[in-house]
Number of protein chains: 2
Amino acid sequence: MSTEPLSRARIVAAAIELIEREGADAVSMRRIAAELGVGVMSLYNHVPNKDALLSGVAEAVLSEIEFTDDPGADWTDRVRVQARAFRQIAHHYPRCTMLVVSRQVHSPAGMLPVERALATLRSAGFDGADAVRVLRVFIAFVVGSLLREVGVTPAFAPPREDAADPGVVDPALFPEVHALSALLDGCDHEGDFEFGVELMIRAIAVHPARREGTRTAADALGKADVDT
Amino acid sequence: MSTEPLSRARIVAAAIELIEREGADAVSMRRIAAELGVGVMSLYNHVPNKDALLSGVAEAVLSEIEFTDDPGADWTDRVRVQARAFRQIAHHYPRCTMLVVSRQVHSPAGMLPVERALATLRSAGFDGADAVRVLRVFIAFVVGSLLREVGVTPAFAPPREDAADPGVVDPALFPEVHALSALLDGCDHEGDFEFGVELMIRAIAVHPARREGTRTAADALGKADVDT
DNA sequence: ATTGACGTACGTACACCGTACGTGCAAGCT
DNA sequence: AGCTTGCACGTACGGTGTACGTACGTCAAT
């Protein structure tokens, strides 16, 4: 068949495809080798070990983010675009997403998003230190959201009627949970994410450390309101 | 030695201790059995399988959150307290935290925090639907923060002078990252978390869907400012 | 043209994993 | 007494990551 010379890229690609097809638990060196029609140990000529392979997967997925950053656009729109770009790859590689967020990435692939985000926050009026902190909060939100979104979706198939709902909550002990159980069970991930992004944008907009603002006295309010 | 009758609780406790001592990768049924001075298969009399054991670990850790919710306090303080309660257990069981956040918990242990949080958000002036959405955003932030905090701390020991910093970033390609590299490398987790909590609180405070506000015209501002 | 070094593919082997299955023992009930 | 039940345990099977040795290209220097 394909006498293609077997490269790290091919191995990583096979791993990604395997993960998306059968889940992260299905990944094993033997499985990937079989997928490529190749001996197990041949993989080790291109990849030092399994962990490095998975890092390669994370990096490859991350590097597929499409950043069409327009420095001239309103900073709120830039934030929206960048947040959605992250979510888009999570949708394209749902089973790989957990892998990406579980391992911190120290590579150029993970750096470009950071660069773009920092530039956006600077344009929103933050100085360096605050831009970094705001960025970290935003990343935390995005990562947490995606993790929930993919974590709740391990098996697309069943309507999930397992031992969760039968234990209908005791209204006396958990009145709020009981009253809102319909909302808590439902999952409009798209809507939840957009809601969160708008909330974060608003939080950034009213942050007291911003220099030039929406000039709606938001920063003045923030200053007066927030001081401990 | 201890002729203690071996129970699910003892097994879970041993697993937690093992994880904290040697990391999550060290957990194996054989290892835990050895730790307890017991045959491997004896464990299966109390735990159906390894995955259930890990769920037990997650639930046990989660149930140790200390919630001293004061319904009379200012809602902002209640939010602060609850957020810190989460972070506190993450500090007490750093290596278990990844496990807790990676698996969605459907158990009473995970429900009490939700109940408290919803009550707090209701007291902050949100109706049911918005309370749920705001809560999800907040949880996403907390989970993302803790994940970063523990993910960046797999091995406490080395000062981490691996292949990350030597590849000093190209100032031309990544000007912002280069300029702020000192800030990006440092990690004041405590400060970052508190910064994020305050940012989230401010975001909640100015949210247009709140009924009664801090009466600082924050909601009025929010309404005027945010409408697309 | 011969030799040697080198990189790649591969098979074998080892230690470890989760767990299905069968066996024996001790306690409690009839 | 007999019987049942439940727990501790050993063995065994199929799977895992990967260290190590081997065989076979290709290319450089002789």
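Hydrogens, waters and symmetry mates are skipped; everything else that's a heavy atom, side chains included, is used. Naming: A, B, ... by sequence-line order, numbering from 1 per chain.
For A:Met41, counting side-chain heavy atoms from C-beta on, the closest listed nucleotide (D:dT18, C:dT19, D:dA8) is D:dT18. For B:Ser28, the listed nucleotide lying nearest its side chain is C:dC17; candidates were D:dA8, D:dG17, C:dC17. For A:Asn45, taking side-chain heavy atoms from C-beta onward, the closest of the listed nucleotides D:dG17, C:dT8, C:dT19 is C:dT8.
Rounded to an integer number of Å, the gap from OH of B:Tyr44 to C1' of D:dG6 is 18 Å. Atom-to-atom, NE2 of A:His46 to P of D:dT18 comes out at 16 Å; the value is rounded to the nearest Å. Taking atom CD1 on A:Ile32 and atom C1' on D:dG17, their separation rounds to 12 Å, with Å as the unit. Rounded to a whole Å, the CD1 atom of B:Ile11 is 8 Å from the P atom of D:dA8. Rounded to whole Å, the distance from NZ on B:Lys50 to P on D:dG15 is 18 Å. The nearest whole Å value for the distance from the CG atom in A:Asn49 to the C1' atom in D:dA19 is 13 Å. Atom CE in B:Met29 sits roughly 14 Å away from atom P in D:dC9 (whole-Å rounding). One interatomic measurement links the two molecules: CG of A:Leu43 to C1' of D:dA19, which rounds to 15 Å at whole-angstrom precision.
Ring-plane geometry between B:Phe141 and B:Phe193 is classed as parallel, the angle between the planes falling under 30 degrees on a 0 to 90 degree scale with a further cut at 60.
Within a 6.0 Å sphere centred on CZ of A:Arg8, other residues, nucleotides and ligands contribute 12 heavy atoms or fewer.
Residue-level contact check: A:Val38 touches the backbone only, with heavy atoms under 4.0 Å from sugar-phosphate atoms and none from bases.
Using a 4.0 Å cut-off between a side-chain N of Lys or Arg and a carboxylate O of Asp or Glu, B:Glu198 and B:Arg80 qualify as a salt bridge.
Contact of A:Arg30 with D:dG15 (side chain to base): no donor-acceptor pair of N or O atoms is detected under 3.5 Å.
With hydrogens and angles ignored, the 3.5 Å screen pairs a side-chain donor or acceptor of B:Glu20 with a backbone N or O of B:Arg95.
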